[in-house]
2 protein chains.
Amino acid sequence: MTDHAKPTRASADDPIVRIVDDDPSMRRALTNLFQSVGLGVEAFGSAAEVMDAKPPAVPSCLVLDIRLPGSSGLDLQADLAKANIHTPIIFITGHGDIPMTVRAMKSGAVDFLTKPVRDQDMLDAVQAAIERDRKRRDEEKSVSGVRSRFESLSARQRDILSLVTAGLMNKQVAAELGLAEITVKIYRGQIMRKMGAKSLADLVRMTEALGIPRTKGHLQT
Amino acid sequence: MTDHAKPTRASADDPIVRIVDDDPSMRRALTNLFQSVGLGVEAFGSAAEVMDAKPPAVPSCLVLDIRLPGSSGLDLQADLAKANIHTPIIFITGHGDIPMTVRAMKSGAVDFLTKPVRDQDMLDAVQAAIERDRKRRDEEKSVSGVRSRFESLSARQRDILSLVTAGLMNKQVAAELGLAEITVKIYRGQIMRKMGAKSLADLVRMTEALGIPRTKGHLQT
DNA sequence: CTACAGGACATACCTGCGTATAGGTCGCGC
DNA sequence: GCGCGACCTATACGCAGGTATGTCCTGTAG
């Protein structure tokens, strides 16, 4: 039961705030607050509902009561992390303590607000959270294109890629792999085309973004 | 492995814990705790003393009571940040509240412990903090060598560096700057020598580490 | 004034990079 | 068996990268 309330037609990049609270009046109050500033809202009554729902495709954040039926907010945070879902989280609590707060913040929470929550504090926190998610998504998107192109490389092409971006000359790569230099040159061309790199500098930056293990890396003091 | 008892001889990489607390008995207790596991210790009675003391050259962390004479622990944290000193901080508090905790953690504190502090919690926090500082120092060190070499470049050399690492060919760089291609080649060689780069890939990674603004960068989706 | 550093360029030469063309061997799926 | 894709190589050619040597100009610190 998602008190799905959409004020206007949501466009592709409108952020969504997802509220998880077992108290209906709290859900309603928060929903009103966020809608009043033009934010999209989805409300849930339990942790399980959120885990079942698919994460939104637009910048979003979670507003989470620590005390939830079944698993606690902290458990949900841990579960989401395990499921590799990185939506920024804002906690609210009526009876929180410091160890709880520390644990939540260490696990990457954006904020941890105590009831009664001042509207402005909540809106500030949400804005920061949305912004963080937007950045993460942008980063993810730009890397995912590169990653999928990398996946399309054959094993041999990857071998050569890693040696080439390590700074070895074609002949050195050839020696390393027991190949003829001409073979390396040809692979190199294939790699540049497949990766869509228009220069070696590009290629190096792509591998850096992907975190490709460098066979022979340095950067000495 | 690191457990062996060291009498007094401090070697170049032994971590130091700096304690700031106005309560002498607390200072003594913490000092004993840390020394019992072989950590170096410096104790201070106020925030001002720490700001005056020069930061240690070895991996270290701060253990900070929130309540201090004069400025609070949070103020000291802010002052240190402003002074560009990034020693990891562990807070201890007797009467902390959640907003305080949140503020401290948002500002990068490693942990926030409540009195009475369990010895093991403190030692765990300190170890994590020291480890964090060690990483930061390693990173800083490896970048600072590159940075100082970059500083040694002339203005012209930097122009060419940024265009070359953007992936332009010598002739394009020449056109961009209104130079002859041969001139660019010569500069390029000078740059490689001055920067200690043994390949273009190296050079690209160095500029990435330095965050050199790319005149013509991309990484398309 | 002189010495020196930085900047710019030419000629010559060598090495590295990259593509085209033209082959060849495997192993796999239909 | 046939096609396909990967992997591998050879010859040949052209362009890009890089160094050496030498020349010239300019600003500036001693």
Side-chain angles (χ1 to χ4, degrees), chain A residues 147-208 210 212 214-218 220, chain B residues 146-208 212 214-218 220:
Chain A
R147 173 160 285 117
S148 71
R149 274 173 278 163
F150 175 75
E151 309 284 2
S152 83
L153 296 179
S154 74
R156 215 43 167 165
Q157 286 167 346
R158 288 178 206 190
D159 293 344
I160 283 150
L161 172 60
S162 93
L163 292 170
V164 162
T165 54
L168 298 197
M169 287 184 308
N170 287 340
K171 64 166 90 166
Q172 294 174 302
V173 175
E176 198 78 31
L177 298 177
L179 298 175
E181 191 182 347
I182 181 65
T183 310
V184 174
K185 288 183 181 182
I186 290 167
Y187 273 110
R188 198 166 166 160
Q190 295 167 358
I191 292 165
M192 295 295 279
R193 245 171 290 123
K194 277 202 184 179
M195 294 298 289
K198 60 169 215 345
S199 66
L200 176 60
D202 263 26
L203 203 61
V204 172
R205 268 188 287 270
M206 287 180 187
T207 58
E208 289 292 294
L210 292 176
I212 302 295
R214 268 201 300 301
T215 320
K216 291 191 171 170
H218 62 165
Q220 72 275 52
Chain B
V146 176
R147 172 160 285 118
S148 71
R149 274 173 278 163
F150 175 76
E151 309 283 2
S152 83
L153 296 179
S154 72
R156 215 45 169 160
Q157 286 166 345
R158 289 177 205 189
D159 292 343
I160 283 149
L161 173 60
S162 90
L163 292 170
V164 163
T165 54
L168 298 197
M169 287 184 308
N170 287 339
K171 64 165 88 168
Q172 293 175 302
V173 175
E176 197 79 31
L177 298 176
L179 298 175
E181 190 182 345
I182 181 67
T183 310
V184 174
K185 289 184 180 180
I186 291 167
Y187 273 110
R188 199 167 165 159
Q190 295 167 357
I191 292 165
M192 295 295 279
R193 244 170 292 122
K194 276 200 183 179
M195 294 299 289
K198 63 171 212 344
S199 67
L200 177 59
D202 263 25
L203 203 61
V204 171
R205 269 187 286 271
M206 286 180 186
T207 58
E208 289 293 293
I212 303 295
R214 268 202 300 302
T215 320
K216 292 192 171 171
H218 59 167
Q220 71 274 53

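Note on naming: letters A, B, ... go to the chains in the order of the sequence lines (proteins, then strands), and numbering restarts at 1 for each one. These numbers were taken from a predicted model, which means no experiment stands behind them.
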Visitor: Is a side-chain donor or acceptor of A/Arg158 paired with a backbone partner of A/Leu153 at a separation under 3.5 angstrom?
Guide: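 Side chain of A/Arg158 to backbone of A/Leu153: a pair is present.
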
Visitor: How close do A/Ala166 and B/Ser199 get, heavy atom to heavy atom, and via which atoms?
Guide: O-OG, 4.4 Å

Visitor: Between the axis at one end of the helix from C/dC1-D/dG30 to C/dC30-D/dG1 and the axis at the other (five pairs apiece), what's the angle to 10 degrees?
Guide: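 Roughly 30° between the end axes, to the nearest 10°.
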
Visitor: Expressed in angstrom and rounded to an integer, what is the separation of A/Ile160 atom CD1 from D/dT9 atom C1'?
Guide: 13 Å

Visitor: Output a table of nitrogen or oxygen pairs between the protein and nucleotides 4-7 of chain D separated by less than 3.5 Å.
Guide:
from: D/dA6; atom 1: O3'; to: A/Ser154; atom 2: OG; distance (Å): 3.1
from: D/dC7; atom 1: OP2; to: A/Ser154; atom 2: OG; distance (Å): 2.6
from: D/dC7; atom 1: OP2; to: A/Arg156; atom 2: N; distance (Å): 2.9

Visitor: For the pair A/Leu163 and A/Gln172, evaluate side chain to side chain contact (heavy atoms under 4.5 Å, CB included) and give the outcome as yes or no after the intermediate values.
Guide: CA-CA 9 Å; A/Leu163 292 170; A/Gln172 294 174 302; over 6 Å; no

Visitor: Is there a side chain to side chain contact (heavy atoms under 4.5 Å, CB included) between A/Val164 and A/Leu200? Walk through the geometry before answering.
Guide: CA-CA 9 Å; A/Val164 162; A/Leu200 176 60; 3.8 Å; yes

Visitor: Using a cutoff of under 3.5 Å, can you pull out all pairs of nitrogen or oxygen atoms linking the protein to nucleotides 15-19 of chain D, with atom names and distances?
Guide:
from: D/dA16; atom 1: OP1; to: B/Lys171; atom 2: NZ; distance (Å): 2.7
from: D/dA16; atom 1: OP2; to: B/Lys171; atom 2: NZ; distance (Å): 3.2
from: D/dG17; atom 1: OP2; to: B/Asn170; atom 2: N; distance (Å): 3.2
from: D/dG17; atom 1: OP2; to: B/Asn170; atom 2: ND2; distance (Å): 3.3
from: D/dG17; atom 1: N7; to: B/Lys185; atom 2: NZ; distance (Å): 3.1
from: D/dG18; atom 1: OP2; to: B/Arg188; atom 2: NE; distance (Å): 2.6
from: D/dG18; atom 1: N7; to: B/Lys185; atom 2: NZ; distance (Å): 3.1
from: D/dG18; atom 1: O6; to: B/Lys185; atom 2: NZ; distance (Å): 3.4

Visitor: Output the distance between atom CG (A/Asp159) and atom CZ (A/Arg156), rounded to the nearest 0.5 Å.
Guide: 5.0 Å

Visitor: Taking only N/O atoms, report every protein-nucleotides 28-30 of chain D pair under 3.5 Å with atom names and distance.
Guide:
none

Visitor: Counting only pairs under 3.5 Å, give me each side-chain donor-acceptor contact of residues 184-196 of chain A, with atom names and distances, residues two or more places apart or in other chains.
Guide:
from: A/Arg188; atom 1: NH1; to: A/Asn170; atom 2: OD1; distance (Å): 2.6
from: A/Gln190; atom 1: OE1; to: A/Gln157; atom 2: NE2; distance (Å): 3.0
from: A/Lys194; atom 1: NZ; to: A/Ser152; atom 2: O; distance (Å): 2.9
from: A/Lys194; atom 1: NZ; to: A/Gln157; atom 2: OE1; distance (Å): 3.2

Visitor: Could you please spell out the steps behind the side chain to side chain contact (heavy atoms under 4.5 Å, CB included) verdict for A/Leu179 and A/Ile160?
Guide: CA-CA 11 Å; A/Leu179 298 175; A/Ile160 283 150; 4.3 Å; yes

Visitor: In chain order, what residues pass the side-chain contact (heavy atoms from CB on, under 4.5 Å) check against A/Ala175, with sequence neighbours excluded?
Guide: none

Visitor: B/Asp202 and B/Ala197: which non-hydrogen atoms are nearest, and at how many Å?
Guide: CB-CB, 3.8 Å

